[in-house]
Structure formats: C-alpha cells, structure tokens
A.B. asks: 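Quick one: this structure, given as structure tokens, is what I'll be asking you about.
This is a predicted model, so every value here is computed, not measured.
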Amino acid sequence: VVATFDESGYAEPGRSFIQLKATDAIHRRATPEAFVFQVDRRDYELWKVEAFPVYLVLYDARGRVGYWLHLQRY
C-alpha cells in the first residue's frame, strides 16, 4: 500500500496498491511491450473492483528491469 504526503509532510487522502511479482524467466510475446504472466483469478477479480489504483509490477531479475501496469485501466 502506498500513501502520499504533501509538501508539508501531511498525509494526503487515498491510497494505491502495488502487487510486485519477480521472475528469473520472463516470457515475452511478439512485441517487446507484451508479457505472459499468470495471476490467480481471485486476485484479479479483487483488483479490478478496488476503489483505489492497483499496479502490477513485473520484475525481471536477470535483466534487472521492472515493468508496470495500472490494472484497472487494463
């Protein structure tokens, strides 16, 4: 869960949720921007109706790079 704070250090309303997944063997599709990654359907069903933003971050441990997706927009 991510909370934000204003320039005075006061907590701002709202939250964002981040789900981090790491792998040593990332599976790419035909385009460099597309990946295949399985998530549990129960998690997806919860994430898509969450009132606050939910981001899925896929971390390629070998390549030392992360990719993110705003799940509700997807």
A.B. asks: Please report the closest heavy-atom contact between Glu12 and Thr4, naming both atoms and the distance.
C.D. replies: OE1-OG1, 2.7 Å
A.B. asks: Before giving the answer on side chain to side chain contact (heavy atoms under 4.5 Å, CB included), spell out for Leu56 and Lys21 the whole-Å C-alpha distance, their side-chain angles and the decisive distance to 0.1 Å.
C.D. replies: CA-CA 8 Å; Leu56 175 65; Lys21 301 289 185 181; 3.8 Å; yes
A.B. asks: Test your reading of the model: is there a side-chain donor-acceptor pair from Gln72 to the backbone of Val54, 3.5 Å cut-off?
C.D. replies: yes
A.B. asks: Just to verify, what does Tyr59 make a ring-ring contact (aromatic ring centres under 6.0 Å, His included) with, not counting sequence neighbours?
C.D. replies: none
A.B. asks: Check this for me: does any side-chain nitrogen of one of Asp60 and Arg62 sit under 4.0 Å from a carboxylate oxygen of the other?
C.D. replies: no
A.B. asks: Going by side-chain contact (heavy atoms from CB on, under 4.5 Å), Phe35 matches just one of Leu58, Leu69, Thr23. Which one?
C.D. replies: Leu58
A.B. asks: State yes or no: do Phe37 and Trp68 share one hydrophobic cluster built from I, L, V, M, F, W and Y residues joined by side-chain heavy-atom distances below 4.5 Å, directly or via other members?
C.D. replies: no
A.B. asks: Rounded to the nearest 0.5 Å, how far apart are CZ of Phe52 and CZ of Phe17?
C.D. replies: 6.5 Å
A.B. asks: Which residue pairs satisfy the side chain to side chain donor-acceptor pair (under 3.5 Å) criterion with at least one member in residues 46-58, sequence neighbours excluded?
C.D. replies: Glu45-Lys48
A.B. asks: Is there a path of hydrophobic side-chain contacts, each under 4.5 Å between heavy atoms of I, L, V, M, F, W or Y residues, that connects Val65 with Leu20?
C.D. replies: no
A.B. asks: So with a 6.0 Å cut-off around CD of Gln38, is the heavy-atom count from everything else above 12?
C.D. replies: no
